[in-house]
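Just so you know, these numbers come straight off a predicted model, no measurement behind them. Whatever order the structure lists them in is the order used to number ligands and atoms, beginning at 1. The first residue of the sequence shown is numbered 1, and numbering continues consecutively from there.
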Amino acid sequence: MPVQRIGLVVHQGRSAAVAAARSVHAWSGDHGISCTEIDVWAPDHERRSGREEARAAGDPDLVVTLGGDGTFLRGARIAVKTGASVLGVDLGKVGFLTEVPVGDVIRALDAVRTGDALVEERMTLTMRASRPPEIPAELESPLCYGRGPALPPPQVRPTTTVGDGWGMALDVNALNDVVVEKLSRDHQVSAGVYIAGRLLAAYSADALVVATPTGSTAYCFAAGGPVLSPHMDAVVFTPIAPHMTFNRTVVAAPDESVALRILPHSGRAAVSIDGQLRGVLDPGDWVGVYRAPQRLRLIRLQPTDFYGRLRDRFRLTDAPATATDGESAPFFRPDSPVPPELAGLRLPPPAAAR
Ligand SMILES: NC(=O)c1ccc[n+]([C@@H]2O[C@H](COP(=O)([O-])OP(=O)(O)OC[C@H]3O[C@@H](n4cnc5c(N)ncnc54)[C@H](O)[C@@H]3O)[C@@H](O)[C@H]2O)c1
Ligand SMILES: Nc1ncnc2c1ncn2[C@@H]1O[C@H](COP(=O)(O)OP(=O)(O)OP(=O)(O)O)[C@@H](O)[C@H]1O
């Protein structure tokens, strides 16, 4: 994969990330590759849409993130707009999305340059809304407290036709989730939830989450939702603290939309995309969330071991009663050739290659 321009997203609050950024700049200089810092999180820095950010950095073909999952999501927002790949360097607390330990950053850049890295694609979500989202000025600082300045609201796609009843197509891509949550502590969000255009139920809840399989291990997971393999496509709906008996997650097919219409007596609701506040909804407003045509390209040094990562990063513990059985042996991967009827399965590498 040829790399000509790198966009670098750095968690400036972490000294190891700042030091790693110096190494990436030096490596880029050594190879005649431009390297520009993007999505700089400083109070006086102009916050741009993902597309504007990519353009200002000369449309990078590789985005390198140095931080945790939040920093990775900031890079993903920009990369998905130009089809750039993202290399996530793990300098965070959980690091579920980031792939490469900081000690391997130069090896990973070399692998990308020589074409030895793998690219894995992930589904993203996009949305339509009844009107262009806005963040009222008086709400921006309390809502963004501790998270840096807000991003601009999503732009309306230029191809949108107005007044045909299909709402405004927004230029957004969520790798994790779109969250509609109550704005004031004491007033829940009430919304009609429609899946594939049919009313599922009217909810009154703290928040309503529409997630990708990648996002199933984020907010949805904290709300008791299922874990979905990131290799699949699906649209996952999870209510947060719904005041009703039906509180289950619904996993919809990838060609089914999830729409939320804010009911007349609801409190106002904030819309966040991958954890970033992007708009405020009033009663009567609606958003429809569905699979985006754009997919995010992730750089991998080897095929993702998603379930190993789940066990490792979430510190899954085995049942106490199994402790006397010792460490479970690896399954389904002797060194001998794969039987033909298993050839279509995703398998771990042979023991000798691990
Ligand atoms: N109660 C919750 O767990 C909760 C509440 C609000 C938002 N979130 C999630 O936070 C995400 C934004 O992440 P952030 O780091 O900017 O904010 P954050 O720092 O509040 O992150 C919340 C936690 O989720 C982890 N995380 C993020 N994406 C993940 C994923 N796909 N799989 C597993 N873990 C993941 C992060 O490492 C962090 O520990 C949102 O997309 C939303 O899903 C979670
Ligand atoms: N570029 C930055 N400059 C300064 N502070 C930052 C920057 N990025 C993040 N922070 C600070 O770090 C906090 C955590 O940010 P965020 O959750 O996005 O980090 P992260 O990359 O997910 O890493 P972690 O896994 O440690 O949470 C923010 O609330 C903010 O205070």
| Is there at least one protein heavy-atom neighbour under 4.0 Å from atom 21 (O) of ligand 1? | no

| Does a donor on one side chain sit under 3.5 Å from an acceptor on the other, for Gln294 and Thr124? | no

| To which protein heavy atom is atom 21 (O) of ligand 2 closest, and what is the distance rounded to 0.1 Å? | Thr71 OG1, 2.5 Å

| query | If we only count heavy atoms from C-beta on, is the Asp61 to Pro2 side-chain gap below 4.5 Å? | reply | no

| message | Counting non-hydrogen protein atoms only, what is the nearest one to atom 19 (O) of ligand 1? Give residue, atom name and distance. | response | Arg147 NH1, 4.0 Å

| task | Taking only heavy atoms of Gly68 into account, list the atoms of ligand 2 that are under 4.0 Å away from them. | result | 20 (P), 21 (O), 22 (O), 23 (O), 25 (O)

| query | Got Tyr290 and Val235 here, is their nearest side-chain heavy-atom distance under 4.5 Å? | reply | no

| Would you call Thr217 and Arg313 a side-chain contact if the rule is heavy atoms closer than 4.5 Å? | no

| Which atoms of ligand 1 have any heavy atom of Ala222 under 4.0 Å away? | 1 (N), 2 (C), 3 (O)

| Any side-chain heavy atom of Asp312 within less than 4.5 Å of one from Asp305? | no

| Does some non-hydrogen atom of the protein lie less than 4.0 angstrom from atom 35 (C) of ligand 1? | yes

| task | Starting from atom 27 (O) of ligand 2, locate the nearest protein heavy atom and write down its residue, its atom name and how far away it is, to 0.1 Å. | result | Lys93 NZ, 3.7 Å

| field | Contact atoms of ligand 1, heavy-atom distance to Gly275 under 4.0 Å | value | 12 (C), 40 (C), 41 (O)

| message | Under 3.5 Å between any N/O of Asn176 and any N/O of ligand 1: does that happen in this structure? | response | yes

| task | Tell me which protein heavy atom sits closest to atom 3 (N) of ligand 2, plus the residue, atom name and distance to 0.1 Å. | result | Gln12 CB, 3.4 Å

| remark: Scanning both residues in full, the closest heavy-atom pair of Val89 with Val102 reads CG1-CA, 3.7 Å

| request: Give a yes or no answer on whether the side chain of Thr212 reaches the backbone of Thr214 with a donor-acceptor pair at less than 3.5 Å. | output: yes

| request: Would you check, one step at a time, whether the test salt bridge (charged side-chain N to carboxylate O under 4.0 Å, His left out) holds for Glu52 with Lys81? | output: CA-CA 9 Å; Glu52 290 163 350; Lys81 295 298 173 210; over 6 Å; no

| Minimum-distance protein heavy atom relative to atom 5 (N) of ligand 2 | Gly13 N, 4.0 Å

| query | Which protein non-hydrogen atom lies closest to atom 41 (O) of ligand 1, naming both residue and atom, and how far is it? | reply | Asp177 OD1, 2.7 Å

| query | So, for Phe221 and Phe96, is the gap between ring centers shorter than 6.0 Å? | reply | no

| Of all the atoms in ligand 1, which lie at a distance below 4.0 Å from a heavy atom belonging to Phe96? | 32 (N), 33 (C), 34 (N)

| task | Provide, to 0.1 Å, the distance between atom 29 (O) of ligand 2 and the closest protein heavy atom, together with that atom's residue and name. | result | Gly146 O, 2.9 Å

| By number and element, which atoms of ligand 1 are closer than 4.0 Å to a non-hydrogen atom of Gly70? | 14 (P), 15 (O), 16 (O)

| field | Pair Asp116 + Arg107: basic N to acidic O under 4.0 Å | value | no

| message | Does only the side chain of Asp69 get under 4.0 Å from ligand 2, or the backbone, or both, or neither? Count heavy atoms. | response | backbone

| For atom 7 (C) of ligand 1, closest protein heavy-atom neighbour | Tyr219 CD1, 3.7 Å

| Thr217 neighbourhood, listing ligand 1 atoms whose heavy-atom distance to it stays under 4.0 Å | 30 (C), 31 (N), 32 (N), 33 (C), 34 (N)

| task | Identify which of Gly275, Gly70, Ala17 has a heavy atom lying nearest to atom 22 (O) of ligand 2. | result | Gly70

| query | Does the protein put a heavy atom less than 4.0 Å from atom 31 (N) of ligand 1? | reply | yes

| query | So which heavy atom in the protein is nearest atom 16 (P) of ligand 2, and how far is it from that ligand atom? | reply | Arg147 NH1, 4.1 Å

| note | Note: ligand 2 atoms sitting under 4.0 Å from heavy atoms of Val10 are 1 (N)

| said: When you compare ligand 1 with Val94, is there at least one nitrogen or oxygen pair between them that comes in under 3.5 angstrom? | reply: no

| Looking at Arg77, Arg51, Arg278, which one forms a salt bridge (Lys or Arg N to Asp or Glu O under 4.0 Å) with Asp171? | Arg51

| query | If hydrogens are left out, which of Phe72, Phe96, Trp41 has an atom nearest to atom 8 (N) of ligand 2, that is, the closest non-hydrogen atom? | reply | Trp41

| query | What residue and heavy atom of the protein are closest to atom 25 (C) of ligand 1, and at what distance? | reply | Asp69 OD2, 3.7 Å

| message | Looking only at protein heavy atoms, which one is nearest to atom 29 (C) of ligand 1, and what is the separation? | response | Ala218 CB, 3.5 Å

| Should Asp59 and Arg5 count as an ion pair when the cut-off is N to O under 4.0 Å? | no

| request: Select the closest option to atom 26 (O) of ligand 2 among Arg14, Gln276, Glu37, Arg74, judged by heavy-atom distance. | output: Arg14

| request: Answer yes or no: is there an ion pair linking Arg47 with Asp39, defined by an N-O contact shorter than 4.0 Å? | output: yes

| Hey, is CD on Glu134 packed in by over 12 heavy atoms from elsewhere, all under 6.0 Å? | no

| Is any heavy atom of the protein nearer than 4.0 Å to atom 10 (O) of ligand 1? | no

| message | Under a 4.0 angstrom heavy-atom cut-off, which atoms of ligand 1 come close to Leu73? | response | 12 (C), 13 (O)

| remark: If you scan protein heavy atoms around atom 15 (O) of ligand 2, the nearest is His11 NE2, 3.9 Å

| request: Starting from the C-alpha separation in whole Å, work towards a yes-or-no answer on side chain to side chain contact (heavy atoms under 4.5 Å, CB included) for Thr304 and Glu120. | output: CA-CA 8 Å; Thr304 299; Glu120 183 187 296; 2.4 Å; yes

| said: Are any of the N/O atoms on Gly92, whether in the backbone or the side chain, positioned under 3.5 angstrom from an N/O atom of ligand 2? | reply: no

| Do the non-hydrogen side-chain atoms of Ile6 and Leu109 ever get within less than 4.5 Å of each other? | yes

| said: Within this structure, what is the NE2-CH2 distance for the pair His11 and Trp41, rounded to the nearest 0.5 Å? | reply: 7.0 Å

